[in-house]
Amino acid sequence: MKGKVVLVTGANGGLGTHVTQAFLNAGATVIGVSRKIQQSDFNSPVFTALPAEISTAAGAKSMVDSVVARFGRLDVVAHTVGGFAGGQSIAQTDDATFQRMFDLNLNSTFYLLRAVLPAMRKTGNGRIIAIGSRAALEPGPGVGAYSASKAAMVSLIRTVALENKDAGLTANVILPGTIDTPANRKAIPHADVSKWVQPANIASLITWLAGDAGKDVNGAVIPVYGNDV
Ligand SMILES: NC(=O)c1ccc[n+]([C@@H]2O[C@H](COP(=O)([O-])OP(=O)(O)OC[C@H]3O[C@@H](n4cnc5c(N)ncnc54)[C@H](OP(=O)(O)O)[C@@H]3O)[C@@H](O)[C@H]2O)c1
């Protein structure tokens with residue numbers, strides 16, 4: 001990953017922290033984006049914190065423009081921004097929850113992809129890895145807005161894979177089951193965490209997809225369900 005410019009969205013999140021660290025360990029130049037990201041979140045001279053709101057078109061575009069202006073290129077995007085809402089049936093789901101799920105999970109992805117593609121096509125070797133959810137393929141009761149937003153996101157990524165293979169670009173989406181994050185441990189205190197997915201393992205998969213060996217994997221929808229299969 002030496003010489004590669006990598007953008008990680010959600011870089012200070014439960015998963016994004018591991019993804020950012022994995023790319024730093026691999027020698028990449030990493031730009032970490034979130035609304036509240038700070039330079040002190042990662043102790044590395046090749047890490048740059050870039051605070052941004054990416055669920056708006058203007059926010060995503062100005063963030064990407066500043067990355068390209070400063071670093072001159074963009075090789076890899078690992079998109080981990082997303083969020084969950086549950087507990088309401090479709091009949092109960094209010095407009096604000098539905099809108100929030102689509103802003104966070106789908107619109108952020110669309111605005112990000114549209115903004116990064118021109119620069120990434122120029123590298124001839126671009127890699128996009130996005131984080132969906134198991135719920136994209138396996139909707140359950142009470143998570144309809146979340147599942148629908150992640151399902152649409154999978155469709156977007158697969159379309160980008162088809163539209164940009166002529167430029168040597170790959171786009172893949174990983175569908176995790178429940179991830180072993182501090183937030184999940186707090187929210188579900190008595191869970192059997194041995195069934196959960198380790199975030200470091202997802203980070204390894206992302207860096208593999210971003211590396212030379214990952215060049216032949218394009219348009220893949222990759223389930224990572226831990227021991228809860
Ligand atoms: N946790 C799970 O069990 C699980 C399971 C399946 C799929 N997933 C998916 O995996 C991904 C990561 O999950 P996670 O648990 O790591 O989530 P998380 O801890 O909530 O992290 C979300 C990250 O996104 C950033 N963010 C949120 N809204 C943003 C916005 N509008 N603009 C810019 N940054 C924003 C947050 O930082 P700021 O607050 O600083 O903006 C944070 O860095 C998500 O897509 C999630 O849907 C998670």
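Counting starts at 1 for both ligands and their atoms, following the listed order. Predicted model only: the values in this text are computed from it and were never measured.
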Here the atoms of ligand 1 under 4.0 Å from any heavy atom belonging to Val81 are 24 (O), 25 (C), 26 (N), 29 (C), 34 (N), 35 (C), 45 (O)

State the atoms of ligand 1, each with its element, that fall below the 4.0 Å cut-off from a heavy-atom position in Glu53.
30 (C), 31 (N), 32 (N)

Starting from the C-alpha separation in whole Å, work towards a yes-or-no answer on side-chain contact (heavy atoms from CB on, under 4.5 Å) for His18 and Ile202.
CA-CA 8 Å; His18 289 265; Ile202 302 177; over 6 Å; no

Of all residues at least two apart in sequence or in a different chain, which pass the side chain to side chain donor-acceptor pair (under 3.5 Å) check with Arg134?
Glu138

Under-4.0 Å heavy-atom contact with ligand 1, by part of Asn184 that carries it
side chain

Check each atom of ligand 1 against the heavy atoms of Lys150 and keep those under 4.0 Å away; list them by number with element.
44 (C), 45 (O), 46 (C), 47 (O)

So if I count the atoms of ligand 1 from 1 in the order they appear, which ones are less than 4.0 Å from some heavy atom of Leu104?
28 (N)

Is Asp180 salt-bridged to Arg185, cutoff N-O under 4.0 Å?
yes

With a 4.0 Å cut-off on heavy atoms, does Ser108 reach ligand 1?
no

Determine whether any heavy atom of Ala183 lies closer than 4.0 Å to an atom of ligand 1.
no

Go through ligand 1 atom by atom and flag the ones less than 4.0 Å from a non-hydrogen atom of Gly13.
16 (O), 19 (O), 21 (O), 42 (C), 43 (O)

Side-chain cluster (under 4.5 Å, hydrophobic types only) that Ile188 belongs to, other residues
Val193, Trp196

Heavy atom of Arg134, distance to ligand 1 below 4.0 Å:
no

Would you kindly specify which portion of Tyr225 sits under 4.0 Å from ligand 1, judged on non-hydrogen atoms: side chain, backbone, both or neither?
neither

So is Gly132 in contact with ligand 1, going by heavy-atom distances below 4.0 Å?
yes

Could you report the tightest heavy-atom contact between Asn105 and Ser149, atom names first, then the distance?
ND2-OG, 3.2 Å

Mind checking whether Gly177 has a heavy atom under 4.0 Å from ligand 1?
yes

Please report the closest heavy-atom contact between Val143 and Gly86, naming both atoms and the distance.
CG1-CA, 4.1 Å

Heavy-atom contact check, 4.0 Å cutoff: does Tyr146 meet ligand 1?
yes

